[in-house]
A.B. asks: 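Let me begin by handing over the structure; questions about it come next.
Given the structure is predicted, the values throughout are model-derived calculations rather than measurements.
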Amino acid sequence: MKTDSYVLLDSGNLRKLEQVGPHRIVRPALNAFWSPALPESEWQAAESVFSRRNDGSGKWSARLPESWVVEYAGFRIKVKPTGFGHLGFFAEQYRNWEFFSSIKTTPETTMLNLFGYSGLGSMAMARSGAKVCHLDAAPGMIEWGRDILNLNPDIPSSIRWIADDVNKFVRREMRRGSRYDLIALDPPTFGRGSKGEVWKIETDLSPLLQSCKALHRPGAPFTLVLSCHSPGFSIAVLQRIVEEVFGAGDTVDAHEMSIPESTGRALPAGICLRWRGRITGR
């Protein structure tokens, strides 16, 4: 294990043990209903433990540095432990990053990353040679993403960074006549836009997908990558919602996302659906 890398060491008893560069931490893993594989002494060696409150916020048991850099899945990542227990990247997305960077592109290929967080997905898209638009509601995440991009000089700077409410932005793109070959989105269960706009996945996901459909490049193959961590949204539910909007598609790849553990096991962490095909009609 490299001393500056990220590794999920173990999970169990609703927690996960992570080595984040030089710092060992424990965070909640509310689906880890099994017992840990590593001895208790490995867990006791953690430098800080994050405890979450009912409102989603929480606290760290010991102060960690404000930020540091780790390597994971082919990226150098600026890590910052937040008051919500986040670090600045979601390790289970690594398979999507690999998928984005492997896509064959032309100079005209454009991709859109909605709910883009700190931008690793957008950077993987840029690695493929695509022109990329990255959107997140929080200006602070845009700044964080730019910091991470600066740590990875091999990635083309072909990313347009936007801080805005997702629905307002997509409607503007529709009016502009913007077109995309791939759209990725990782929507939260609940969220607020840059000016307090409310997002609820159960009511807003299907209309947003309809808007995304309007942004496809006519006559060209289109790819949708939708990942989800919301209770009640299974692979079958996602597939039914997506196919209701886009049709059956040429290929549909639906899978459970997970993070590999040093124990040889894996921690499930959400679901993902990739839809590819040609869209007919409106």
A.B. asks: Report yes or no: does Y6 contribute a side-chain atom to a donor-acceptor pair with the main-chain N or O of G21 at less than 3.5 Å?
C.D. replies: no

A.B. asks: Treating Ile, Leu, Val, Met, Phe, Trp and Tyr as nodes and any side-chain heavy-atom pair under 4.5 angstrom as an edge, say whether L209 and M174 lie in one connected cluster.
C.D. replies: yes

A.B. asks: Before you tell me yes or no, could you show the steps for Q93 and D186 under side chain to side chain contact (heavy atoms under 4.5 Å, CB included), namely the whole-Å CA-CA distance, both residues' side-chain angles and the distance that decides it to 0.1 Å?
C.D. replies: CA-CA 10 Å; Q93 289 281 354; D186 183 27; 3.5 Å; yes

A.B. asks: Quick one: are the ring centres of F75 and F89 less than 6.0 Å apart?
C.D. replies: no

A.B. asks: For a quick test of reading the model, state the closest non-hydrogen atom pair linking S48 to A62 and the distance between them.
C.D. replies: OG-O, 2.8 Å

A.B. asks: Can you find a pair of side-chain heavy atoms, one from F50 and one from R52, that are under 4.5 Å apart?
C.D. replies: yes

A.B. asks: Looking at R127 and D154, is any side-chain nitrogen of the basic one under 4.0 Å from a carboxylate oxygen of the acidic one?
C.D. replies: yes

A.B. asks: Does F233 have any ring-ring contact (aromatic ring centres under 6.0 Å, His included) partners at least two apart in sequence or in another chain, and if so, which?
C.D. replies: none

A.B. asks: Kindly give the heavy-atom pair with the smallest separation between M111 and S128, and that separation in Å.
C.D. replies: CE-OG, 3.7 Å

A.B. asks: Do M123 and V79 share a hydrophobic cluster (ILVMFWY, side-chain heavy atoms under 4.5 Å, transitive)?
C.D. replies: yes

A.B. asks: Rounded to the nearest 0.5 Å, what's the gap from CG on D4 to CD on Q19? Could you check?
C.D. replies: 11.0 Å

A.B. asks: Show, in sequence, the C-alpha distance, side-chain angles and deciding distance for E18 and V26, and conclude whether the side chain to side chain contact (heavy atoms under 4.5 Å, CB included) test is met.
C.D. replies: CA-CA 6 Å; E18 301 166 289; V26 175; over 6 Å; no

A.B. asks: Test salt bridge (charged side-chain N to carboxylate O under 4.0 Å, His left out) on E173 and R179; report intermediate values, then the result.
C.D. replies: CA-CA 8 Å; E173 289 290 88; R179 294 290 181 258; over 6 Å; no

A.B. asks: How many angstroms lie between atom OG1 of T223 and atom CG of L182, to the nearest 0.5 angstrom?
C.D. replies: 5.0 Å

A.B. asks: Verify side chain to side chain contact (heavy atoms under 4.5 Å, CB included) between V70 and S5, making sure each step is shown before the conclusion.
C.D. replies: CA-CA 5 Å; V70 302; S5 62; over 6 Å; no

A.B. asks: Please report the interatomic distance CZ(R27) to NZ(K16), rounded to the nearest 0.5 Å.
C.D. replies: 4.0 Å

A.B. asks: May I ask you to check whether over 12 heavy atoms, not counting those of R176, lie within 6.0 Å of atom CZ?
C.D. replies: yes

A.B. asks: Measure from the side-chain N and O atoms of S118 to the backbone N and O of G88, and report whether any donor-acceptor pair falls under 3.5 Å.
C.D. replies: yes

A.B. asks: Nearest 0.5 Å, please: how far is CG in L226 from SG in C212?
C.D. replies: 9.0 Å

A.B. asks: For side chain to side chain contact (heavy atoms under 4.5 Å, CB included), just list the numbers for S227 and L273, CA-CA rounded to whole Å, side-chain angles, deciding distance to a tenth of an Å, and then say yes or no.
C.D. replies: CA-CA 6 Å; S227 52; L273 184 143; over 6 Å; no

A.B. asks: Indicate yes or no for a side-chain donor-acceptor contact from S61 to the backbone of V49 under 3.5 Å, with no hydrogens or angles considered.
C.D. replies: yes

A.B. asks: Can you confirm whether E40 is buried at CD, in the sense that more than 12 heavy atoms of other residues, nucleotides or ligands lie under 6.0 Å from that atom?
C.D. replies: yes

A.B. asks: Is atom CD of E202 surrounded by more than 12 heavy atoms (other residues, nucleotides or ligands) closer than 6.0 Å?
C.D. replies: yes

A.B. asks: Within the structure provided, determine whether I162 and R160 are in side-chain contact (heavy-atom separation under 4.5 Å).
C.D. replies: yes

A.B. asks: Which atom pair, heavy atoms only, marks the closest approach of A46 to L17?
C.D. replies: CB-CD1, 4.3 Å

A.B. asks: Answer yes or no: is there a donor N or O on one side and an acceptor on the other, between the side chain of H216 and the main chain of K213, under 3.5 Å?
C.D. replies: yes

A.B. asks: Test D10 against R15 for salt bridge (charged side-chain N to carboxylate O under 4.0 Å, His left out), laying out the working first.
C.D. replies: CA-CA 9 Å; D10 195 12; R15 302 186 303 165; over 6 Å; no

A.B. asks: Once you round to the nearest 0.5 Å, how far does CZ of R146 lie from CG of L151?
C.D. replies: 14.5 Å

A.B. asks: Checking S122 now: which residues fulfil side-chain hydrogen bond (donor to acceptor under 3.5 Å, both in side chains) with it, not counting sequence neighbours?
C.D. replies: N113, H134

A.B. asks: With heavy-atom distances below 4.5 Å as the criterion, would you say the side chains of W161 and D136 are in contact?
C.D. replies: no

A.B. asks: So which heavy atom on I235 is nearest to which on E256, and how close?
C.D. replies: CD1-N, 3.9 Å

A.B. asks: Give a yes or no on whether V198 and L205 share a hydrophobic cluster (residues Ile, Leu, Val, Met, Phe, Trp, Tyr; joining criterion: side-chain heavy atoms under 4.5 Å apart).
C.D. replies: no

A.B. asks: Describe, in one word, how the ring planes of F90 and H86 are oriented to each other, choosing from parallel (under 30°), tilted (30 to 60°) and perpendicular (over 60°).
C.D. replies: perpendicular

A.B. asks: Using a 4.5 Å cut-off on heavy atoms from C-beta on, say whether the side chain of V252 contacts that of E243.
C.D. replies: yes

A.B. asks: Which residues pass the ring-ring contact (aromatic ring centres under 6.0 Å, His included) test with W43, not counting sequence neighbours?
C.D. replies: none

A.B. asks: Quick one: OG1 on T203 to CG on L208, what's the gap to the nearest 0.5 Å?
C.D. replies: 11.0 Å

A.B. asks: Do you know the tightest heavy-atom contact between I241 and S206?
C.D. replies: CG2-OG, 3.5 Å

A.B. asks: With hydrophobic residues grouped by side-chain heavy-atom distances under 4.5 Å, do F84 and Y117 end up in a single group?
C.D. replies: no

A.B. asks: Ignoring hydrogens, what is the shortest heavy-atom contact between P81 and L87? Give both atom names and the distance.
C.D. replies: CA-CD2, 4.2 Å

A.B. asks: Given side chains that start at C-beta, do those of R274 and H255 come closer than 4.5 Å, heavy atoms only?
C.D. replies: yes

A.B. asks: Suppose we screen for ring-ring contact (aromatic ring centres under 6.0 Å, His included). Which residues come up paired with F246, at least two apart in sequence or across chains?
C.D. replies: F222, W275

A.B. asks: Applying side chain to side chain donor-acceptor pair (under 3.5 Å), run through T110 and R217 and close with a yes or a no.
C.D. replies: CA-CA 9 Å; T110 56; R217 192 183 304 279; 3.2 Å; yes

A.B. asks: Has W199 got a side-chain atom pairing as donor or acceptor with N167's backbone, closer than 3.5 angstrom?
C.D. replies: no

A.B. asks: Could you check R192 against D165 for salt bridge (charged side-chain N to carboxylate O under 4.0 Å, His left out), going step by step and ending with a plain yes or no?
C.D. replies: CA-CA 8 Å; R192 292 190 180 275; D165 172 70; over 6 Å; no

A.B. asks: Any salt bridge between R24 and E47, counting N to O under 4.0 Å?
C.D. replies: no

A.B. asks: Please collect all salt bridge (charged side-chain N to carboxylate O under 4.0 Å, His left out) contacts where either partner lies in residues 78-103, sequence neighbours excluded, each pair once.
C.D. replies: K78-D147

A.B. asks: If Ile, Leu, Val, Met, Phe, Trp and Tyr residues are connected whenever their side-chain heavy atoms lie under 4.5 Å apart, and connections chain through other members, are I155 and I77 in the same group?
C.D. replies: yes

A.B. asks: Any side-chain heavy atom of V225 sitting closer than 4.5 Å to one from I183?
C.D. replies: no

A.B. asks: Using a 4.5 Å cut-off on heavy atoms from C-beta on, say whether the side chain of M125 contacts that of L112.
C.D. replies: no

A.B. asks: Could I get the full list of side-chain hydrogen bond (donor to acceptor under 3.5 Å, both in side chains) partners for N54, not counting sequence neighbours?
C.D. replies: none

A.B. asks: Does W60 reach the main-chain N or O of I25 with its side chain, forming a donor-acceptor pair under 3.5 Å?
C.D. replies: no

A.B. asks: Keeping W34 on the side-chain end and S11 on the backbone end, is there a donor-acceptor pair under 3.5 Å?
C.D. replies: yes

A.B. asks: Kindly indicate whether the side chain of T109, heavy atoms from C-beta on, has any atom under 4.5 Å from the side chain of I103.
C.D. replies: no

